[in-house]
Amino acid sequence: MKIKYKLLIVASLVLMASCREQIELETENFESILVVEGTITNELKQQEIKLSRTIPLEEGEIAVEDNATVKVIENGTNEYTFSLNNSGVYVSDVEFQAQENLTYKLEILTSDGKVYESFDTHLTPSSNIDNLYAELSSDGETVDVLIDSGDDNGIAKYFRYEYEETYKIIAPRHYQYDATIINFSPDGDGPFGQEMMYDVEITEREQEERICYSSKKSNGILISSTTDLDDNVVSRHIIRSIPINDPVIRERYSILVEQYTQSIQSHTFYKIINDLGSLSSLLSESQPGFVAGNIVPVTNSDEKAIGYFEVSSFTSQRIYFDFTDFNLDIPDYFFECTVLELDYNDITNMDGDPNERRVIYQLLTLNNYKLLTFGSDIYTIVNPECGDCTSFSSNVQPDFWED
């Protein structure tokens, strides 16, 4: 989960909601506050802690907290240290997993010498995902990914979810050959004066550019609880709703859902944030009842920190499906496909259309258009997104992928 933290004055929210005229908002009396996103689990892996700073409203980039000393203390004695990676995330130097009946505390020393720590935290009860499945919604407008889970012992009652969706992409206008401009001369002689000259070299493509795979992680907060239910079971909880015309289900779609069991304290924290942050999950230090988590300052009690350190039981499940599984029409592709048939020998715009030799040169060299067919001096080309999926995706098939 990624949450964007910005300082926002409540009055600004009112103005945004009530005024029709767009107003340029600026932050006044900005205060840089440490933001902590930390969840360690009972999964044996390198655990992660995210540290950042609140940013003024007018800024867009998350401010990563650099050069901090981060460690998790297990049962008051065993220390796990963390190091900052290239993605701005602190990762444990060794793999470890949270254990039952032990306490865990997060300790942070910032580069300016300030110390923060969490309360002692225990591993939450475990709960399995009983079923993960996809169904066409009752109105036929979306394909819904739903989850059933529960705890037979009736202890686990609060849950948080994250997901990563991966989908296959097939370029609809792919051609196995590429066209490259060679022997270019801008000063060639033609019947209408100086005219560029060049040759078009046709070569077989050297890499996979027809089939690609893209992945996206969830953002925002997805939580549920069973406290208001007769049975301690999460049933038919919607994780993701995909419009039936969404191109992510055009070929083959997979989703990995991760379930984190929460304590009532962490669930309450995330619920409050979710309720207050309906506008892109914004957190505000100045909102009424500033949302305090379980991170506290040690060196200066007047300091503030936003965030929560939780120790969660974890489970996950993956499913695959195709749009044909629901008897749907094939969704449109991600992009409109612009197909052009151009004549290399057309070197004037006096015939009512552009100088096609110049157009071929521009589109192949500057716009990366792709070849569809060629014959003699006639070239059919298409915009790169339709002829080469690597222009916006990856041709590396994930290790987990199943066709």
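Predicted, not measured: the structure shown is a model, and the values here were computed from it.
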Engineer: Please state whether the rings of Tyr308 and Tyr270 are parallel, tilted or perpendicular, taking 30° and 60° as the class boundaries.
Structural biologist: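 The arrangement is tilted - the two ring planes meet at 30° to 60°.
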
Engineer: Does any pair with a residue in residues 113-137 pass ring-ring contact (aromatic ring centres under 6.0 Å, His included), and if so which ones, sequence neighbours excluded?
Structural biologist: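 Every candidate ring-ring contact (aromatic ring centres under 6.0 Å, His included) pair involving residues 113-137 fails, so no pair, neighbours aside, qualifies.
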
Engineer: Of the non-hydrogen atoms in Ile264 and Thr268, which two are nearest, and what is the gap between them?
Structural biologist: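 Heavy atoms of Ile264 and Thr268 come nearest at O-OG1, 2.7 Å.
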
Engineer: Do Asp144 and Ser241 have side-chain atoms, one donor and one acceptor, less than 3.5 Å apart?
Structural biologist: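 Short answer, yes.
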
Engineer: For the pair Asp148 (side chain) and Arg236 (backbone), establish whether a donor and an acceptor sit closer than 3.5 Å, ignoring hydrogens and angles.
Structural biologist: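 Yes; judged by distance alone, with no hydrogens or angles, the pair exists.
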
Engineer: Distance only, no hydrogens: is a donor on one side chain within 3.5 Å (strictly under) of an acceptor on the other, for Glu165 and Tyr253?
Structural biologist: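 Per modelled atom types, Glu165 and Tyr253 side chains form a pair under 3.5 Å.
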
Engineer: Between Tyr104 and Phe309, is the ring centroid distance below 6.0 Å?
Structural biologist: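 Ring centroids of Tyr104 and Phe309 are no less than 6.0 Å from each other.
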
Engineer: Considering residues at least two apart in sequence or located in another chain, which fulfil the salt bridge (Lys or Arg N to Asp or Glu O under 4.0 Å) criterion with Arg318?
Structural biologist: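 So Arg318 forms no salt bridge (Lys or Arg N to Asp or Glu O under 4.0 Å) with any residue.
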
Engineer: What is the distance from atom CD1 of Ile306 to atom CD1 of Ile273, rounded to the nearest 0.5 Å?
Structural biologist: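 Ile306 atom CD1 to Ile273 atom CD1 measures 8.0 Å (nearest 0.5 Å).
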
Engineer: Between Tyr344 and Tyr198 (judged by ring centroids, cut-off 6.0 Å), do the two rings come close enough to count as a pair?
Structural biologist: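 Under 6.0 Å, so yes.
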
Engineer: Is the closest side-chain donor-acceptor distance between Asn355 and Asn349 under 3.5 Å?
Structural biologist: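 Short answer, no.
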
Engineer: Could you pull out the closest heavy-atom pair between Ser118 and Ile295, with the gap in Å?
Structural biologist: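 Distance-wise, the nearest heavy atoms are CB-CD1, 3.8 Å.
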
Engineer: Are His237 and Tyr161 close enough that their ring centers fall under 6.0 Å?
Structural biologist: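 Ring centres of Tyr161 and His237 closer than 6.0 Å.
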
